[in-house]
2 protein chains.
Amino acid sequence: MNLSLTQIKTQFQELGIKSTLPRVVIYQSLAKSMHHPSAEEIHLAIQKKYPGVSLATVYKTLDMLVQKSLASKVVTNEDKVRYDSKMDNHIHLYCEKTQKIMDYEDQELADMLTGYFSKKGIPNFKINKIQVNINGESKTTKNK
Amino acid sequence: MNLSLTQIKTQFQELGIKSTLPRVVIYQSLAKSMHHPSAEEIHLAIQKKYPGVSLATVYKTLDMLVQKSLASKVVTNEDKVRYDSKMDNHIHLYCEKTQKIMDYEDQELADMLTGYFSKKGIPNFKINKIQVNINGESKTTKNK
DNA sequence: TTCCTATTTAAGAATTATTATTATTTAAAA
DNA sequence: TTTTAAATAATAATAATTCTTAAATAGGAA
Ligand SMILES: [Mn+2]
Ligand SMILES: [Mn+2]
Ligand SMILES: [Zn+2]
Ligand SMILES: [Zn+2]
């Protein structure tokens, strides 16, 4: 999602988030990315246009965004956390070859799962979020 | 699952895994645990009965067990990997309060998902494993 | 507009989980 | 038994993340 700096500033104000250039730029970079980037990758991505933003600030900003529900953490088998600004419910496809994470939207499946659990429930457990992850291999035309 | 040392030795032999005391003890401890323990926790758990096993060996053994499909990694929001020796397909319930991970077996759901995707498939993606994680709160009788 | 102050930031140190290195030990094959 | 490739303990190294602190600054008040 491509968001302008002013769009983001407005969004921050609405949520009572103090609007600083590092924060706005970090969020913009995350929102633009389709790759579920890590903190390090975001840090790198903003270097060209906005050098001098520290990695610690990237981490702290990402945490803040997660707290404010503007982003979520995506954990994988790799030893680093990745982030996602797409906040509607969706599935993640993990390519075991390329480590790429792709979003997969499937309303039918979402409804099926919600329906299934709202009917059946889970004893002694209050469900907050159902996350489906699919591991496998993406088959691009020019692969192998 | 409670496995005897000799049971495990036999299992290792069948899979061509060199049978050492550290390995057998680590696997036994993991198999007995219901808690999806981390390497550190396994290391601690075996201290009493088998002191002197190094943490590095715990890590290497767990990796080996994952390679041999006797265990799998369980990733969470915490900054450490946890392990699971339950290898049939099952759901994980994450309690956001206690960080506990509970297993939840639901054949009906498993069949539903398998059926859904085998019919529909995912374009340009070969599905290897569908993992469902549910975040929420466990409501024990004596909570709060 | 200028001032004030709580919040944020940069820089770098510290922490923590995990992996790598290497000398020594050992399981198990011959 | 002897042999030897593989495993282990010890410890150093690495990498992701968090912490600390002094300097900068956003945004409200004056
Ligand atoms: Mn790490
Ligand atoms: Mn870490
Ligand atoms: Zn996503
Ligand atoms: Zn499990």
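Excluded from the calculations below are hydrogen atoms, water molecules and symmetry mates; all remaining heavy atoms, backbone and side chain alike, are included. The shown structure was predicted, so the numbers you read here are calculated from the model rather than taken from an experiment. So you know, we letter chains A, B, ... as the sequences are listed, proteins then strands, and number each from 1.
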* To do: Determine, for B/Glu41 against B/Arg82, whether the closest basic-nitrogen to carboxylate-oxygen distance falls under 4.0 angstrom.
  =>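 Salt bridge between B/Glu41 and B/Arg82, a charged N being under 4.0 Å from a carboxylate O: no.
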* To do: In plain terms, say whether A/Lys86 and A/Glu105 are close enough for a salt bridge, that is, a side-chain N and a carboxylate O under 4.0 Å apart.
  =>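 A salt bridge is present here (some side-chain N lies under 4.0 Å from a carboxylate O).
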* When we call it a touch if two heavy atoms are under 4.0 Å apart, what does A/Ser19 touch: a base, just sugar-phosphate, or nothing? ->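 Touches sugar-phosphate only.
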* Would you mind classifying the nucleic acid contact of B/Ala39 as base, sugar-phosphate or nothing, using non-hydrogen atoms under 4.0 angstrom? =>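 Contact class for B/Ala39: none.
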* Please figure out whether B/Ser38 or A/Ala56 has its closest DNA chain C nucleotide nearer the 5' end. =>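 Per heavy-atom nearest nucleotide, the more 5' residue is A/Ala56.
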* What orientation do A/His36 and A/His90 show, parallel under 30°, tilted 30 to 60°, or perpendicular over 60°? ->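 Ring orientation, 0 to 90° scale: tilted.
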Distance in angstrom units between [X] [atom1] and [N] [atom2], rounded:
X       : N      : atom1 : atom2 : value
A/Phe12 : C/dT7  : CZ    : C1'   : 15 Å
B/His43 : C/dT16 : NE2   : C1'   : 16 Å
B/Lys80 : D/dT18 : NZ    : C1'   : 16 Å
B/Leu21 : C/dT25 : CG    : P     : 17 Å
A/Arg23 : C/dT8  : CZ    : P     : 4 Å
A/Lys68 : C/dT7  : NZ    : C1'   : 13 Å
A/Gln13 : D/dG27 : CD    : P     : 7 Å
B/Lys18 : C/dA29 : NZ    : P     : 9 Å

Side chain of [X] only, please: which of [options] is the nearest?
X       : options                : answer
A/Thr57 : C/dA11, D/dA6, C/dT9   : C/dT9
A/Thr20 : D/dA26, C/dA17, D/dA10 : D/dA26
A/Val53 : C/dT9, D/dT18, C/dA10  : C/dA10
B/Tyr59 : D/dT8, D/dT17, C/dA17  : C/dA17
A/Lys60 : C/dT9, D/dA16, D/dT8   : C/dT9

* Closest approach of A/Ile42 to A/Ile26 (non-hydrogen atoms, all atoms of both residues) ->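 So the two residues come closest at CG2-CG2, 4.1 Å.
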* At how many degrees, to 10°, do the end axes of the helix from C/dT1-D/dA30 to C/dA30-D/dT1 meet when each uses five pairs? ->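 Roughly 30°, once rounded to the nearest ten degrees.
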* side-chain hydrogen bond (donor to acceptor under 3.5 Å, both in side chains) evaluation trace for A/Ser38 with A/Glu40 -> CA-CA 5 Å; A/Ser38 64; A/Glu40 182 69 53; over 6 Å; no
* Run the side-chain hydrogen bond (donor to acceptor under 3.5 Å, both in side chains) check on B/Tyr116 and A/Asp106 step by step: do they pass? -> CA-CA 11 Å; B/Tyr116 180 80; A/Asp106 189 331; 2.7 Å; yes
* **Remaining members of the apolar cluster that contains A/Val75, side-chain heavy atoms under 4.5 Å** =>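 Members alongside A/Val75: B/Val75.
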